[in-house]
2 protein chains.
Amino acid sequence: MARRGETLELAVLGLLHEGPMHGYELRKRLNLMLGWGRVLSYGSLYPALKKMLRGNLIKEVVPSGPQSRRQRIVYEVTPQGTEEFARMMSDVGPSAWEDDTFDIRFRFFSSTDMEIRLRVLEGRRSRLQERLDRVQRELSMTQAEVDRYAAELQRHGVESVEREVRWLSDLINAERGQGNQPVLPVTSPETPSTSTST
Amino acid sequence: MARRGETLELAVLGLLHEGPMHGYELRKRLNLMLGWGRVLSYGSLYPALKKMLRGNLIKEVVPSGPQSRRQRIVYEVTPQGTEEFARMMSDVGPSAWEDDTFDIRFRFFSSTDMEIRLRVLEGRRSRLQERLDRVQRELSMTQAEVDRYAAELQRHGVESVEREVRWLSDLINAERGQGNQPVLPVTSPETPSTSTST
DNA sequence: GTTAGCATGTAAGGAGTTACATGATTTT
DNA sequence: AAAATCATGTAACTCCTTACATGCTAAC
């Protein structure tokens, strides 16, 4: 059911699976992936880490060297953490193709199997398709007086979403054709606007 | 200084300037513009309307017809509301080119003059450019082991932001060349990836 | 040795969601 | 007349940010 707030946990567990890290470092990496603009504050991160410590998902690493270079607290994943991460990744509910969550799941796709990946990609795609349909429908009703800038914003928005749909479709094909072709997914030099008229 | 939370107020005032509306209707329109996926809950909207009522930014409209078709409460903007809206729109601070806020400001660009519009567009553009630079810089450092999916996500992200930068540039040019050309801004069939190497 | 930036943390508060609760109007 | 959906509202809670507070370590 993926309660809200698992997003950060998922991201942290994913990153820690790539190696032990301290909070400050985690934040830097999270900021690179989280929503492309947002920055995560310490006020969110540290309490979350504390909570995960209490839940035994992660544990503090005792630095092996003699002089410990104390102060920074390095975390690593516990077996329970690994289990929980796997559970979260394979728990494909509607929230998995939400804007925020999708990126994080995608980022850690290597940790799941193709079946899950396909379900997430396809879920995301139909979610976007729904949005397009909804806007298109809504647009044909309000048609009357349209502000110039409002219209331009709609146009650009629709185009962006259509673009992401194409991206997802390419990825889905790549996953399906996996084994035959080189799996480097796409980088198509922009599909030349395959008529998207109503 | 645009305190956070003015976003919704701005959107509501903007919409109400296009005509009186009741809350339910407002929500529908807000959902079409707000963040392209998010839906605004009543738990946000109605308290916000109450607050704006108290602040005299909007007022209830007494339905003119004889049988009032009661139940829905139609709002319209007060002179103070118009004033406040103008103030907000011309208050161009860093928050004006934040993801959420930018779209709403753009949506109501018709209500401001070119000077403001240009400042918002240019601000947004440099904000995006900063992001790109930051990622590019960060990317050259972490270069080591890159996960396939992580890399693909980065690639797609960078491409999307670059795309938006081009869009903004076109709009800026359209604003500047305003009066000469027909101002319908662009719809360029995808600039063929002008090398964005370091 | 002092400034700059690394590193961790907490408390208060904002903005919005969920869930709940209710009643009117339109459709079937 | 029942069901659907329009329409408004409130209370509790969640997630996150801001602002504050503190100490270590590296550079100059």
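No hydrogens, no waters, no symmetry mates; every other heavy atom, side chains included, goes into these values. Order of the sequence lines fixes the chain letters, A, B, ..., with proteins taken first and strands second; residue numbering starts at 1 for each chain.
Listed by chain and residue number, A:Arg29 satisfy the side-chain hydrogen bond (donor to acceptor under 3.5 Å, both in side chains) test with A:Glu25 (two or more places apart in sequence, or in another chain). For A:Glu76, the side-chain hydrogen bond (donor to acceptor under 3.5 Å, both in side chains) partners two or more places apart in sequence, or in a different chain, are A:Lys59. By the ring pair (Phe, Tyr, Trp, His ring centres under 6.0 Å) test, B:Phe106 is found to be paired with A:Tyr149, B:Phe102, B:Phe109, B:Trp167, residues two or more places apart in sequence or in another chain being considered. Taking the side-chain hydrogen bond (donor to acceptor under 3.5 Å, both in side chains) definition, one finds that B:Gln154 meets it with nothing, sequence neighbours left out.
One atom, CD of A:Glu9, and another, C1' of D:dC15, lie 13 Å apart when rounded to the nearest Å. The distance from atom CZ of A:Arg54 to atom P of C:dG9 is 12 Å, rounded to the nearest whole Å. We find that CZ of A:Arg29 is positioned 13 Å from P of C:dA7, with the value rounded to whole Å. Atom-to-atom, CD of B:Glu98 to P of C:dG14 comes out at 19 Å; the value is rounded to the nearest Å. Rounded to an integer number of Å, the gap from A:Arg27 CZ to C:dT8 C1' is 12 Å. Between the P atom of D:dT8 and the CE atom of B:Met21 lies a distance of 12 Å, rounded to the nearest Å. Between the CZ atom of B:Arg72 and the C1' atom of C:dT26 there is a distance of 12 Å, given to the nearest Å. The CG-P distance, from B:Leu26 to D:dT8, rounds to 9 Å in whole Å.
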Scan nucleotides 16-19 of chain D against the protein and return all N/O pairs shorter than 3.5 Å with their distances rounded to 0.1 Å.
residue	atom	partner	partner atom	Å
D:dT17	OP1	A:Val39	O	3.0
D:dT17	OP2	A:Ser41	N	3.2
D:dT17	OP2	A:Ser41	OG	3.1
D:dT17	OP2	A:Ser44	OG	3.0

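Proximity note for B:Gln71 (side chain, C-beta onward) versus D:dT8, C:dT8, C:dT25: the nearest is C:dT25. When each of C:dT8, D:dG9, D:dC6 is scored by its nearest atom to the side-chain atoms of B:Tyr24, the top-ranked nucleotide is D:dC6. Closest to the side chain of B:Pro47, from the set D:dT10, C:dT10, D:dT8, is D:dT10.
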Result block: side-chain N/O donor-acceptor pairs under 3.5 angstrom for residues 41-49 of chain B, not counting sequence neighbours:
residue	atom	partner	partner atom	Å
B:Ser41	OG	B:Ser44	OG	3.4
B:Tyr42	OH	B:Arg27	NE	3.4

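Shown here is B:Glu115, whose CD atom has no more than 12 heavy atoms of other residues, nucleotides or ligands within 6.0 Å.
Looking at A:Thr78, its side chain does come within 3.5 Å of a backbone N or O of A:Leu57 through a donor-acceptor pair.
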